[in-house]
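Here is the structure we will look at, set down as structure tokens.
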Amino acid sequence: MHYAYAEQFRKALVTWFEQEKRDLPWRHTKDPYKIWVSEVMLQQTRVDTVIPYYTRFLEHFPTMDALANAEEELLLKQWEGLGYYSRARNLQAGVREVVEVYGGVVPNTREEISKLKGVGPYTAGAVLSIAYGVPEHAVDGNVMRVLSRVLNIHDDIALPKTKKVFEAAVDMLIDRDNASSFNQGLMELGALICTPTSPKCLLCPVREYCTAFHEGEPEKLPVKTKKVKTKPLYYDVYVMRDEAGNLKVEQRDASGLLASMWQFPMIERGDDVFTPTLLEQQYDVTITTKENLTTLKHIFSHLVWHMDVFVVDVAGVQQHWVTFEEMKKYPMPVSMLKILKAYENSLG
DNA sequence: AACCCGGGGTA
DNA sequence: TACCCAGGGTT
């Protein structure tokens, strides 16, 4: 793209964004902390999903000090249902680093801000440009789709090295006097106009600069090869109830899937596995009654949980289990919240 | 570079 | 179903 075209492109994009941008909660602030929170929540997560979480999160943790001092359980409870829970822990770790190392001021250079936990190339560029106006690239899925079409880039965006191509493109095109609106404009365009299927080219403010539009098949871009196969897993899940009616809740492993989140005991089914016996052995109890509660399917990105859920009354409990109301304080993944709901309904 | 990490919306 | 979403960390 020639220099004169680049200038017209960036002006058309910025003008369109500033006229047509959606009214979103994080667009009412330039507080780097709040921008940071929004960007982390928006990773792999849609705007409409994030909005209520963002508002509630900042009510609980309005400042970096508040978040830095928060209990992890409270933090995760605020994140409950949003997914990718390590984002929350990384955000808190990063905020603590800003408080302790940078005197409570979010760094304004890519080199420094990138050192913070949970701040990768995209989030670094987003916070720098939106909060501070620094002309740094912020390349996400939207930006790669938009620019692959505008510039007719056919590199496979599933390959890590391809992102460098788009970062270089943004470096060439970015409005150095209004990096915030330029970067947000690219993303807004991807969200509203330059969508994955059926892009609304007739409404596009930059279609006259768009190679894919002129060639007639913008929906063919970007090129993306990878595809993931979901693997099924089969579990028996137990709502265990002692003589007092208290329930067993346990914390998952600190690493891996749903790390440190809380759950009802679950045992993977297998050919030579009778899960009630395993349950009695693992928890040192005796099952006195057992009834079906529900059957649930829970879909993750890469796997599917098929869960048969049972309510069992048990004898021989030594520890203190929790009441139904206490259970609600524990951060749980959506799969377990569904079971909690089913159990609540079964009580009538 | 490959793999892992949630959950929900949409065509 | 399959794909996508304001990605980052680990290995």
Side-chain angles (χ1 to χ4, degrees), chain A residues 17 21-22 24-27 35-54 76 79-91 93-94 113-131 137-146 156-164 166-167 170 180 182-192 194-199 219 222 224-231 252-261 263 297-305 331-338:
Chain A
F17 173 73
K21 64 183 175 186
R22 290 168 291 177
L24 303 174
W26 45 89
R27 288 182 176 163
I35 302 294
W36 184 6
V37 169
S38 74
E39 290 300 340
V40 172
M41 285 188 172
L42 286 161
Q43 290 168 11
Q44 302 300 99
T45 311
R46 283 185 167 68
V47 164
D48 290 341
T49 303
V50 166
I51 289 174
Y53 282 90
Y54 173 83
L76 288 175
W79 210 271
E80 186 182 71
L82 202 48
Y84 284 129
Y85 299 97
S86 64
R87 289 185 295 176
R89 285 187 287 265
N90 288 339
L91 173 62
I113 201 172
S114 297
K115 293 176 183 170
L116 301 173
K117 199 81 171 172
V119 178
Y122 165 76
T123 305
V127 174
L128 290 172
S129 61
I130 297 171
H137 57 73
V139 174
D140 68 346
N142 280 313
V143 172
M144 288 198 281
R145 184 174 59 258
V146 169
D156 181 2
I157 66 167
L159 301 177
K161 64 177 182 182
T162 300
K163 195 157 73 167
K164 292 190 180 70
F166 290 96
E167 288 171 347
V170 173
S180 173
F182 182 87
N183 280 342
Q184 291 188 81
L186 283 179
M187 293 186 275
E188 194 81 340
L189 196 61
L192 300 181
C194 198
T195 47
T197 59
S198 310
E219 68 281 354
K224 185 173 184 177
T225 58
K226 265 188 201 161
K227 51 194 68 176
V228 287
K229 202 89 167 89
T230 59
K231 185 174 68 176
R252 293 177 61 85
D253 196 84
S255 64
L257 183 66
L258 299 168
S260 299
M261 298 296 281
Q263 66 176 14
K297 183 173 75 168
H298 190 77
I299 302 169
F300 297 85
S301 299
H302 303 292
L303 47 89
V304 184
W305 282 359
M332 304 178 90
V334 167
S335 51
M336 295 295 150
L337 294 175
K338 290 177 186 170

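To find a chain, count down the sequence lines: A is the first, B the second, and so on, and within it residues start at 1.
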Once you round it to whole Å, what is the distance between C1' of dG8(B) and CD1 of I299(A)? 10 Å
Which residues satisfy the salt bridge (charged side-chain N to carboxylate O under 4.0 Å, His left out) test with R27(A), sequence neighbours excluded? E188(A)
Tell me the interatomic distance from M336(A), atom CE, to dG6(B), atom P, rounded to whole angstroms. 13 Å
Begin from the C-alpha positions of N183(A) and H137(A) and carry the test side chain to side chain contact (heavy atoms under 4.5 Å, CB included) through to its verdict. CA-CA 7 Å; N183(A) 280 342; H137(A) 57 73; 5.6 Å; no
Residues that P333(A) engages under side-chain contact (heavy atoms from CB on, under 4.5 Å), provided they are two or more places apart: L258(A), M261(A), S335(A), M336(A)
Please give, in whole Å, the distance from dC5(B) P to L258(A) CG? 9 Å
Of all residues at least two apart in sequence or in a different chain, which pass the salt bridge (charged side-chain N to carboxylate O under 4.0 Å, His left out) check with E167(A)? none
To the nearest Å, how far apart are L303(A) CG and dG7(B) C1'? 12 Å
Which residues pass the side-chain contact (heavy atoms from CB on, under 4.5 Å) test with V334(A), not counting sequence neighbours? H298(A), K338(A)
May I ask you to say what H302(A) touches in the nucleic acid, namely base, sugar-phosphate or nothing, with a heavy-atom cut-off under 4.0 Å? base
Set of residues satisfying ring-ring contact (aromatic ring centres under 6.0 Å, His included) with respect to Y54(A), sequence neighbours excluded: W26(A)
What interatomic distance, in whole Å, is found between P of dG8(B) and the corresponding atom of dG8(C)? 22 Å
Between dG6(B) (C1') and M332(A) (CE): distance, integer Å: 16 Å
Whole-Å distance, Y53(A) OH to dG6(B) C1', equals 10 Å
Which pairs, protein N/O on one side and nucleotides 1-3 of chain B N/O on the other, fall under 3.5 Å?
| unit_1 | atom_1 | unit_2 | atom_2 | d |
| --- | --- | --- | --- | --- |
| dA1(B) | OP2 | K161(A) | N | 3.4 |

Interatomic distance at C1', dA6(C) relative to dC3(B), whole Å: 22 Å
OP1 or OP2 of dG6(B) sitting under 4.0 Å from any side-chain N/O of H298(A)? no
Could you pull out all residues at least two apart from T49(A) that satisfy side-chain contact (heavy atoms from CB on, under 4.5 Å)? T45(A), R46(A), L82(A)
Given DNA chain B, 5'-ward residue of the pair T49(A) and S255(A), judged by closest heavy atom: S255(A)
When rounded to whole Å, the NZ to C1' distance for the pair K338(A) and dG8(B) reads 10 Å
B/S/- along nucleotides 5-11 of chain C (protein heavy atoms under 4.0 Å) is BBBSSS-
Rounded to whole Å, how long is the line connecting atom CZ of F300(A) with atom P of dA2(C)? 19 Å
Heavy-atom donor-acceptor pair, E219(A) side chain to T197(A) backbone, under 3.5 Å: no
Validation: residues 36-44 of chain A side-chain donor-acceptor distances under 3.5 Å, sequence neighbours left out:
| unit_1 | atom_1 | unit_2 | atom_2 | d |
| --- | --- | --- | --- | --- |
| S38(A) | OG | I35(A) | O | 2.6 |
| E39(A) | OE1 | Y122(A) | OH | 2.6 |
| Q43(A) | NE2 | T123(A) | OG1 | 3.0 |

